[in-house]
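Quantities reported herein were computed from a predicted structural model and do not represent experimental measurements.
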Amino acid sequence: MEQFEVTFLDEDRVTVLDKQTVEAGKPVKYKGETPTKAPTNMMTYTFVGWFGKEKMESVTENLILIAEYAAETVTNANTATIIKRIFFI
């Protein structure tokens, strides 16, 4: 049976979060802990999935999937009022 390598990378495209070998046509599921990104300058980040996730249902080639985060700008740290949501890939 043909097999493919699936690599899950963090947003920096360097840090390997998980690597799996999957049989052709089979789905792949991330097996690691939920990726996180440290807050910066009034921004918080939430993991929202994988860039390339549409290819996870049936693997037909070697894949590199990259963590995708939503950034939220907080205007008041005490009430965590969100004014903007940005997606990074």
### Query
Rounded to the nearest 0.5 Å, how far apart are CZ of R13 and CZ of F51?
7.0 Å
#### Entry: With Y30 via ring-ring contact (aromatic ring centres under 6.0 Å, His included) - residues at least two apart
F8, W50
### Message
Going by the rule side-chain contact (heavy atoms from CB on, under 4.5 Å), which residues pair with T34 if we only count those two or more places apart in sequence or in a different chain?
### Response
F47
### Query
Between atom CD1 of I66 and atom OG1 of T15, what is the distance when rounded to the nearest 0.5 Å?
11.5 Å
### Message
I'd like to know whether V16 forms a side-chain contact (heavy atoms from CB on, under 4.5 Å) with L9, so could you lay out the CA-CA distance, the side-chain angles of the two residues, the decisive distance to 0.1 Å, and finally the verdict.
### Response
CA-CA 5 Å; V16 176; L9 297 179; 3.7 Å; yes
### Task
Mind listing the closest non-hydrogen atom pair of A70 and V48 along with its distance?
CB-CG1, 3.7 Å
### Task
May I ask you to decide if D12's main-chain N or O and D10's side chain share a donor-acceptor pair within less than 3.5 Å?
no
### Point-to-point distance, once rounded to the nearest 0.5 Å, from CD of E57 to NZ of K29
11.0 Å
#### Entry: side-chain contact (heavy atoms from CB on, under 4.5 Å) evaluation trace for E2 with E23
CA-CA 6 Å; E2 190 173 15; E23 288 186 20; over 6 Å; no
### Message
Show the nearest heavy-atom pair for residues Q20 and V28, with the distance to one decimal.
### Response
OE1-CG2, 3.4 Å
### Exercise: identify the closest heavy-atom pair between D18 and K31
OD2-N, 3.3 Å
### Task
May I ask you to test the Q3-V22 pair for a side-chain heavy-atom distance under 4.5 Å?
no
### CD/E54: more than 12 non-hydrogen atoms of other groups inside 6.0 Å
yes
What side-chain donor-acceptor pairs closer than 3.5 Å can you find for residues 58-65, not counting sequence neighbours?
from, atom 1, to, atom 2, distance (Å)
S58, OG, G25, O, 3.4
E61, OE2, K55, NZ, 3.3
N62, OD1, E5, N, 2.8

### Query
Below 4.5 Å, heavy atoms only, C-beta onward: do K19 and V6 meet side chain to side chain?
no
### Message
I'd like to know whether Y45 forms a side-chain hydrogen bond (donor to acceptor under 3.5 Å, both in side chains) with T40, so could you lay out the CA-CA distance, the side-chain angles of the two residues, the decisive distance to 0.1 Å, and finally the verdict.
### Response
CA-CA 9 Å; Y45 302 92; T40 57; 3.0 Å; yes
#### Entry: E68 and K53, any side-chain heavy atoms less than 4.5 Å apart
yes
### Query
Which atoms form the tightest heavy-atom contact between A71 and M43, and what is the distance?
CB-CE, 3.4 Å
